[in-house]
Protein chains: 2
Amino acid sequence: MNDVHLASTIAAAGRDRKCADGIMLETMTEGAAMPAVSATQGRSAGKDPAARRRAGRPSAAVLDKAGITVAALALISRKGYDGLTMAALARSLDVAPSALYNHVSSKDDVLLLVEDHLVEMVDVSGFGAGPWDAAVRRWAWSYREVFAQHTPLIPIIAVLPVANAPKTLAMYEAVTAGFGAAGFPAEKTISAIVALEAFVFGAAYDVTAPADIFDAGTLAAQTPNFTSAVDRLAAEQHPRPADVAFSLGLEALITGFDALRNR
Amino acid sequence: MNDVHLASTIAAAGRDRKCADGIMLETMTEGAAMPAVSATQGRSAGKDPAARRRAGRPSAAVLDKAGITVAALALISRKGYDGLTMAALARSLDVAPSALYNHVSSKDDVLLLVEDHLVEMVDVSGFGAGPWDAAVRRWAWSYREVFAQHTPLIPIIAVLPVANAPKTLAMYEAVTAGFGAAGFPAEKTISAIVALEAFVFGAAYDVTAPADIFDAGTLAAQTPNFTSAVDRLAAEQHPRPADVAFSLGLEALITGFDALRNR
DNA sequence: GATGCTAAATGAACGTCATTCATTTAGTGC
DNA sequence: GCACTAAATGAATGACGTTCATTTAGCATC
C-alpha cells in the first residue's frame with residue numbers, strides 16, 4: 001500500500017552529470033577504467049547477475065557515489081520507490097549488494113544522494129534577475145514539481161541538516177541572496193523561506209493524491225457543507241485541482257511577505 | 001536513521017474509549033469475559049509472551065479495533081514509530097501477531113486507525129463561535145501540534161481518501177461549515193483548506209527538525225548570505241524557531257484568504 | 001439436539017530486505 | 001619486498017510484515 005511512483009520525465013532529465021564530485025581521480029592510472037565507467041552507465045539490463053567478476057578488488061573501481069546516484073534515479077523512475085532496494089540497485093550496477101556499503105553507509109545515505117541531486121533541478125534562476133515575486137513564484141512551482149515526483153524523500157529533506165547536502169545548501173544560498181537583494185529584512189528571511197518550503201512540501205503530496213480523495217462516499221449525507229463545497233470545486237472543471245490550491249496559497253504567501261520588504 | 005519520536009503527552013490523552021464498536025455483545029454469555037477485557041487494557045507488561053491462552057477462539061473476544069488503536073497509540077508514545085511493529089503491538093495486547101489480521105488488513109490499516117483517532121484532538125471548536133480568523137488560527141496551530149508528534153502519519157493522511165477516515169471527514173465538515181458561515185466563497189473553500197493543510201503538514205516536520213539543521217559547517221564560507229541570515233535569526237533568541245516560521249506563514253495565509261470573504 | 005457456518009484465536013512458516021562479516025584481490029607508500 | 005588500505009564477492013543474519021493450516025467457540029438451522 002506504499003506509494004508507487006510512475007516513471008517521471010523530470011527524473012529522467014537528470015542524466016547530464018558533469019564529472020562526479022571527487023573520486024574520479026583514479027581513472028587516469030590505466031586505460032582499463034573506460035569499460036568500467038561504461039558499465040556503470042550503460043549495462044543496466046545485464047543478464048548475468050554477478051558471475052563474471054571474481055572476488056577481490058577490481059583493477060578499476062566499479063562504483064562511486066555519482067554512479068550510485070544515477071543508477072538509483074534510473075531505478076526510481078523505472079520501478080518507483082518500492083523498487084528501490086539495495087539488492088535491485090546493486091543488480092542494476094552489476095555488483096553484489098554488499099559492495100554498495102563501501103561507498104554509502106546505509107540506504108538512507110543513498111536517498112540523501114538522490115535528494116541532493118534532485119535539488120539541482122529546482123529553478124532558482126529568477127533570483128538576481130527580474131522582480132522578487134516572479135522569482136519566488138518560479139522557485140516554488142519548480143520545487144513542488146520536482147518533489148511531487150519524489151514524495152518519499154520529503155520526510156528526509158525536511159529535517160536534513162544542510163551541511164550534509166551541499167547542493168541543497170547552494171539552493172538556500174541563492175534564495176537567501178535573492179531575498180536580501182529584494183530588500184527583505186534579514187532577520188525574517190530564514191523564517192520566510194522555511195514557511196514557503198513547508199507549504200511546498202505539503203503541496204507536493206497533494207499532487208500525488210487520488211482524484212477521488214474528497215469523495216465522502218456513504219457518509220456524504222452527514223457532511224452537507226463539505227460535500228457541497230467539493231461539488232462546487234468539481235464544477236469548475238480544473239484539470240489539476242492541486243494546482244488551484246497551490247496557486248491560491250502561494251499567492252497569499254507572496255503577497256503577505258511582499259509587504260514586509262523595504263524599498 | 002528513521003525518525004524516533006519521544007513520548008508525547010498528547011498521545012497519552014487518548015485513553016478514554018467508550019465501549020468499543022460492536023463486538024462487545026458476546027460478553028453477556030458468561031462471567032469469564034471480565035478477565036479477558038482487563039487483559040486488553042491492564043496487563044501491558046505481561047511476562048508470559050502468549051502462553052496461557054490455548055489455541056482456538058476464546059469465549060470473549062480479546063481484540064477489537066478500538067483496543068488495537070489504543071495499544072498502538074500507547075506503544076508509539078513509549079517507543080516511537082520505530083517501535084510500532086506488528087509483533088510488538090501483538091505482544092502489548094497479549095496475542096499472537098497473526099491474530100491482529102482478523103481485525104485489520106495490514107499495518108497501514110493500523111496507522112489509519114491511529115490517524116483517525118488523532119484527528120479528534122484537533123481543535124475545531126473555534127468555527128461557529130467567534131471570528132473566522134481566530135478559528136482558523138486555533139485550528140491550524142492545534143493541527144500542527146498533533147501531527148508534529150506523528151510525522152510518519154503525514155504521508156498517509158495527505159493522500160488518504162476521506163471516506164476511509166470518518167473522524168477526519170468530520171473535521172473537514174466542521175471547517176468547511178465555518179468557512180461558509182464566514183462568507184468564504186464556496187468554490188474556493190476546498191482549495192483554501194487544502195492549502196492551509198499543506199502548510200500545516202510541512203510545518204509539522206519543522207518542529208521535529210534538529211536545532212542545528214541550518215548549520216552550514218565547513219561550507220559556511222561559500223554561503224555568506226545564507227549563513228548571515230541564519231545568524232540574524234539566531235540572534236533573536238526565539239525558544240522555538242519553528243514557531244516563528246509557522247506564525248509568519250500562517251498569518252500571511254489568513255490575511256490573504258480573509259480578503260476573499262464576502263461580508 | 002446434531003450439523004454447519006463463521007469468527008477469532010494459536011503457531012509455524014515464508015519471503016523480502018537492509019546490513020554485517022570473513023575473505024580475496026589490487027594498488028600505494030615506506 | 002612488505003604492510004596497509006580500498007574495493008570487490010559471497011555467505012549469513014536478524015527484523016519484519018504477512019499467510020496458512022489448525023483449533024475452538026458461539027450461533028443459526030433443520
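Letters A, B, ... are given to chains in the order of the sequence lines, protein chains preceding strands, and every chain is numbered from 1.
Atom CZ of B:Arg53 is separated from atom P of D:dA25 by 13 Å (rounded to the nearest Å). What separates CG of A:Asp82 from P of C:dA18 is a distance of 11 Å, to the nearest Å. If you take CG of A:Asp94 and P of D:dA8, they are 11 Å apart, rounded to a whole angstrom. Distance A:Leu84 CG to C:dA18 C1': 12 Å, rounded to the nearest Å. The separation between B:Lys79 atom NZ and D:dA15 atom C1' is 15 Å, rounded to whole Å. Rounded to an integer number of Å, the gap from OH of A:Tyr81 to C1' of C:dC17 is 18 Å. Here C:dA9 presents its C1' atom at 14 Å from CG of B:Asp64, a figure rounded to the nearest Å. The CG atom of B:Leu93 sits 15 Å away from the C1' atom of C:dT10 (whole-angstrom rounding).
Residues B:Ile213 and B:Asp206 are not in side-chain contact: their nearest non-hydrogen atoms beyond the backbone lie 4.5 Å or more apart.
For the ring pair (Phe, Tyr, Trp, His ring centres under 6.0 Å) criterion with A:His150, the lone passing option out of A:Tyr205, A:Tyr143, A:Phe201, A:Tyr81 is A:Tyr81.
For the atom pair CG of A:Leu112 and NE2 of A:His117, the computed distance is 13.5 Å after rounding to the nearest 0.5 Å. Distance CD1/B:Ile76 to CG/B:Leu84: 4.5 Å, rounded to 0.5 Å.
Candidate nucleotides D:dT9, D:dT18, C:dT10 were compared by shortest atom distance to the side chain of B:Met86, and D:dT18 ranks first. Side-chain proximity of A:Lys107 to D:dA8, C:dA9, C:dT19: nearest is C:dT19. Candidate nucleotides C:dA9, D:dT9, D:dC20 were compared by shortest atom distance to the side chain of B:Ser98, and D:dC20 ranks first. The nucleotide whose nearest atom lies closest to any side-chain atom of A:Tyr101 is, among C:dT20, C:dA12, D:dT9, C:dT20. Of the candidates C:dT20, C:dT19, C:dA9, C:dA9 carries the atom nearest the B:Asn102 side chain, counting heavy atoms from C-beta on. Comparing C:dA9, C:dT19, D:dA8 by their nearest atom to the side chain of B:Ala99 picks out C:dA9.
Between the side chains of B:Glu197 and B:Tyr172, at least one donor N or O sits under 3.5 Å from an acceptor N or O.
Contact annotation: B:His103 does not reach the phosphate of C:dA7 (side-chain N/O to OP1 or OP2, under 4.0 Å).
Among the heavy atoms of the strands lying under 4.0 Å from A:Thr85 are primed sugar atoms or P, OP1, OP2 only; no base atom is included.
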